[in-house]
Amino acid sequence: MSLQTMILEGLDGDRTWRLKDYESRGGYKALRKILNEKTAPDAIIAELKTSALRGRGGAGFPTGLKWSFMPRQFAGAKYLCCNSDEGEPGTFKDRDILRYNPHAVIEGMAIAAYVMGVECGYNYIHGEVWDIYERFEEALDEARAAGLIGKNILGSSFNFDLYAHHGYGAYICGEETALLESIEGKKGQPRFKPPFPAGYGLYGKPTTINNTETFAAVPWIINNGGQWFLDVGKPNNGGTKIFSVSGHVNRPGVYEVPMGTPFTKLLEMCGGMRGGRKLKACIPGGSSMPVLPGDVMMECTMDYDSISKAGSMLGSGAVIIMDETVCMVKALERLAYFYYEESCGQCTPCREGTGWLYRVVHRIESGQGRPEDLDLLNEVSNNIAGRTICALGDAAAFPVISFLKHFRPEFEYHIEHKKCLVPVEVQREGSKIYVEQAAC
């Protein structure tokens with residue numbers, strides 16, 4: 001399989017984020033093309049649908065279909081938002097796109113604005129990466145000075161103003177309607193849906209929201225065609241995907257590979273398992289996705305459909321690798337604490353349930369667990385999932401349910417013996433394995 005790259009291609013220079021460098025790589029060619037040729041918006045949407053570009057922020061919703069929802073003939077203001085609020089544990093790809101290739105995002109948003117008849121857009125950037133916000137502001141200044149955003153872009157009648165909006169580090173603001181509330185200056189809490197943002201979004205006006213990586217892929221589709229983009233990936237999963245790989249690998253980092261790349265190939269690109277250990281478990285799409293056992297993950301390809309068939313989701317593309325020394329009880333305790341801390345508190349099942357989950361898992365990890373705690377964890381999780389305004393409730397419940405499904409004996413051992421089932425260290429000598437057991 002050819003390891004085609006797009007968004008990360010050519011980013012090994014010294015100042016790849018500068019306009020001059022981006023243009024030397026063909027940057028803004030797509031925007032110039034559609035403005036010079038006065039390309040019909042419907043034709044661009046058709047190319048996006050052909051490309052099978054799916055939202056790279058987590059949901060995987062078809063981008064062309066989403067853009068078609070925008071009422072282009074709406075007489076009042078319409079808005080475009082980029083969701084760069086990358087706050088999920090294990091996820092760190094979007095900040096690198098903004099750090100090294102910000103003009104790809106600007107060009108993609110300008111094309112989207114042209115297609116949907118939008119004159120104002122915002123890029124909502126996670127509050128804990130201030131340097132990324134500054135980098136994007138610098139790119140915006142360059143684009144404005146060059147006439148690539150603003151009034152009468154490139155001498156046309158197309159107007160589009162784009163602004164960076166700095167968030168404040170709340171994980172919940174990665175949810176699209178909480179993001180809109182935050183831009184409006186209100187507390188970042190999700191809205192009831194319907195109405196959906198396409199009809200009632202920012203300031204009550206039609207709004208389209210896409211992820212950073214999604215916008216950055218758009219110029220490639222305009223320049224090369226939807227079929228070309230689809231062929232890079234696989235049916236229903238067009239193009240490439242950027243993965244944030246962390247955990248027990250030799251070279252953690254950001255990797256761009258074609259959709260459908262075998263997980264084993266991605267693991268090889270990361271230098272394999274650290275210390276030659278075995279893969280015990282993997283969370284393939286960020287901490288909110290169900291965990292998969294290592295043997296299941298090794299059979300997967302990196303695309304939405306394969307991961308879904310295996311029982312998880314591709315999500316944000318955050319691949320969290322865990323080797324055989326990981327205590328799954330301890331790992332779940334840490335995840336449960338995160339969602340407990342990050343719940344906005346608006347929905348009772350999430351506000352109260354995330355606290356229950358953390359306290360029960362903490363009790364097990366502390367050597368005070370009871371046999372009935374495992375059924376209690378499943379019961380509480382099932383009473384949270386699907387019963388909240390946004391998906392944070394699901395994000396808290398899915399890890400618990402999947403950890404217990406695949407690694408229940410480890411939790412049972414913890415409860416019975418008051419210590420971990422897994423070793424602190426594994427040493428191999430020939431066919432013998434030497435194990436030191438871990439206490440709680």
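Counting from 1, the numbers follow the sequence of the chain as shown.
Under the side-chain contact (heavy atoms from CB on, under 4.5 Å) criterion, Tyr358 pairs with Glu333, Ala336, Tyr337, Tyr340, His362, not counting sequence neighbours. Remark: Lys241 engages Glu213 in a side-chain hydrogen bond (donor to acceptor under 3.5 Å, both in side chains) (not counting sequence neighbours). Remark: Tyr22 engages Glu107 in a side-chain hydrogen bond (donor to acceptor under 3.5 Å, both in side chains) (not counting sequence neighbours).
Glu134 and Arg99 are not joined by a salt bridge, as no carboxylate oxygen comes within less than 4.0 angstrom of a charged side-chain nitrogen. Ionic pairing of Arg72 and Asp42 is present here: one or more N-O contacts between side-chain nitrogen and carboxylate oxygen are shorter than 4.0 angstrom. Look at Glu410 and Lys280 and you find a salt bridge, because one of the NZ, NE, NH1 or NH2 atoms lies within 4.0 Å of a carboxylate O, short of that distance.
Without hydrogens or angle criteria, Glu88 side chain to Thr91 main chain gives no donor-acceptor distance under 3.5 Å. A donor-acceptor pair is defined here as one N or O able to donate and one able to accept, closer than 3.5 Å; no such pair exists between the side chain of Asn237 and the backbone of Asp303. Under a 3.5 Å cut-off, the side chain of Thr16 and the backbone N or O of Tyr100 do form a donor-acceptor pair.
Heavy-atom contacts from other residues, nucleotides or ligands closer than 6.0 Å to CZ of Phe61 number more than 12.
Within the cation-pi definition used here (under 6.0 Å to the ring centroid, within 45° of the axis), Arg54 qualifies as a partner of Tyr304.
Using the six-membered ring where Trp is involved, Trp228 and Trp220 have ring planes that are parallel, under 30° apart on the 30 and 60° scheme.
Remark: the Thr208 side chain and the Tyr79 side chain contain no N/O donor-acceptor pair separated by less than 3.5 Å.
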